[in-house]
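Worksheet: the structure to be examined is printed underneath.
Just so we're on the same page: letters track the sequence lines, and every chain starts at 1.
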Protein chains: 2
Amino acid sequence: MIGGVTKAETGEKTRQRGPRRDAADNRDRVLAAAATAVRREGIAVPMATIAADAGVGVGTVYRHFPSREALLSALTHRSFELVLAAATQAAETNADSEEPGAEAVRRFLDRTVEHGGDLVMPLRGGPPALDERTAAVQAAVHAQLRALLQAGVRDGSLRADVTAGDLVIFGALLTEQLPHVADWNTAARRVIDVYVAGLAPTAAPLRAAPVVPSPA
Amino acid sequence: MIGGVTKAETGEKTRQRGPRRDAADNRDRVLAAAATAVRREGIAVPMATIAADAGVGVGTVYRHFPSREALLSALTHRSFELVLAAATQAAETNADSEEPGAEAVRRFLDRTVEHGGDLVMPLRGGPPALDERTAAVQAAVHAQLRALLQAGVRDGSLRADVTAGDLVIFGALLTEQLPHVADWNTAARRVIDVYVAGLAPTAAPLRAAPVVPSPA
DNA sequence: ACTTAAGCGGACGATATCTTCCGTTTAAGC
DNA sequence: GCTTAAACGGAAGATATCGTCCGCTTAAGT
């Protein structure tokens, strides 16, 4: 940020040189290894373990992510991006077809569980706060889910008092895994099915007023 | 176990001397502090922090719980006992009244969330395996919930294809907390309400076969 | 009151992990 | 092919945490 200006005086060509290919690859590998390691050993997993799993030296990890917190933040960001992809795909598919909105919601939740191994949501002990960019992604997720929910209400397959925030919270919980439950995907699918059944418009009203998680 | 026999030769009076009152108190305080600390900072929270929070020295923590793992195990055990109390109370109240089984299930889940701060379920990164005694408590929880579910099926308020294992898994997920959700109890209650609505007998069948978590 | 052993606290040596630093390697532009 | 700066790996010093040990304190039985 300081020395860069002097050198890149070729007009607007600032930051003309992209990252080297090996650097980009390593960054991805570190992120992937970190996701796996964090889910396996918890957020206190040693950086050396992550580095070894990624097949790089610790120095490389620290160059891409200056601190553990930065790495965890990046993990969370990537997780929200994956969730956003799932939400967007569900919303778009739904818009193009005539399937009930409830089915699209179910698919979104299924996807979330399937991606489970790659998701590191900010649950207990996780990275405390969402940075600005991640919050933006989260807001986009909410927007997609809102669209999905509205479509479902319109086609009569969903109740009207459930919010995008409700879905995000439920989805985040599903990314956890009880270690002694062998077939987690099946178990999660059963939870999803009951929840989605509860989204039917005939259901009894909710007791509590909506909670708005964080994106304004 | 080795020196004790020599001394307690007064017939069957082995282990005649119960624990000192201060010792029992301290054990409880350590457990309570540990539960709070673990939920606040994760399972890697330093033992010194737990000791300080409990107002005792580290030596005291290690005397009651010879290792971190033993402490975490004890925490899990206590958590299951609290859940068992909630399940038992729900089952008994239900048996004595004419309320629908669905309401009893909802109360059980509500209780679980309310106890949330004291519960340390074996989620990601938690103590890996349940010891024998804890597994027994877990089995008791399942038994109570089975009774509850059967009553609900009988009185027509619950679907028949949901198992006690499903409820335990769902309840365990609810003990997590998304840190940036301010009013967690409200958020959790909304999730519960949708789930309980999905327990109505009219709902669509589940896709997956039951998963038996661990108690045989 | 006195005795006794259980219980207590926290200093301490051992270990584990963090993060920085720098000599070497390598991708990419000329 | 040569040059250059970005990227790499891993050793090493700084720090944090673990779990033990032992002299002091205190509950509880007589």
[X] [atom1] to [Y] [atom2] distance, which is reported to the nearest 0.5 Å:
X	Y	atom1	atom2	result
B/M121	B/L173	CE	CG	9.5 Å
A/R111	A/R106	CZ	CZ	15.0 Å
B/D183	B/R189	CG	CZ	8.0 Å

Using atom types as modelled and distance alone, determine if a side-chain donor or acceptor of [X] lies under 3.5 Å from a backbone N or O of [Y].
X	Y	answer
B/W184	B/V113	no
A/R190	B/A208	yes
B/D166	B/T163	yes

Given atom [atom1] of [X] and atom [atom2] of [N], what is their separation to the nearest angstrom?
X	N	atom1	atom2	answer
A/R29	D/dA7	CZ	P	16 Å
B/R27	C/dA6	CZ	P	18 Å
B/R63	D/dC18	CZ	C1'	17 Å
B/F65	D/dC18	CZ	C1'	17 Å

(request) Measure the angle between the two terminal helix axes of the helix from C/dA1-D/dT30 to C/dC30-D/dG1, five base pairs each, and quote it to 10°. (result) 40°
All N/O donor-acceptor pairs, side-chain side in residues 45-60 of chain B, below 3.5 Å, sequence neighbours left out:
| residue | atom | partner | partner atom | Å |
| --- | --- | --- | --- | --- |
| B/D53 | OD2 | B/R40 | NH2 | 3.0 |

Taking only N and O in the side chain of [X], is any of them less than 4.0 Å away from OP1 or OP2 of [N]?
X	N	value
B/H64	C/dC8	yes
A/N26	D/dA7	no
A/T60	D/dA7	no

Between the protein and nucleotides 18-20 of chain C, are there any N/O to N/O pairs under 3.5 Å, and if so, what are the atom names and distances?
| residue | atom | partner | partner atom | Å |
| --- | --- | --- | --- | --- |
| C/dC18 | OP1 | A/R68 | NH2 | 2.0 |
| C/dC18 | OP2 | A/M47 | N | 2.8 |
| C/dT19 | OP2 | A/Y62 | OH | 2.8 |

(message) A/A23: which residues meet the side-chain contact (heavy atoms from CB on, under 4.5 Å) condition with it, sequence neighbours left out?
(response) A/R20, A/H64
(message) Using the side-chain contact (heavy atoms from CB on, under 4.5 Å) criterion, which residues pair with B/A151? Sequence neighbours excluded.
(response) B/N94, B/R154
(message) I'd like to check A/Y195 versus B/V191 (side-chain heavy atoms, cut-off strictly below 4.5 Å). Are they in contact?
(response) yes
(request) Could you check if a side-chain atom of A/F65 sits within less than 4.5 angstrom of a side-chain atom of A/R27, using non-hydrogen atoms only? (result) yes
(request) Encode nucleotides 25-30 of chain D as B, S and - characters from 5' to 3', where the letter depends on protein heavy atoms closer than 4.0 Å: B to the base, S only to sugar-phosphate, - to neither. (result) -BSS--
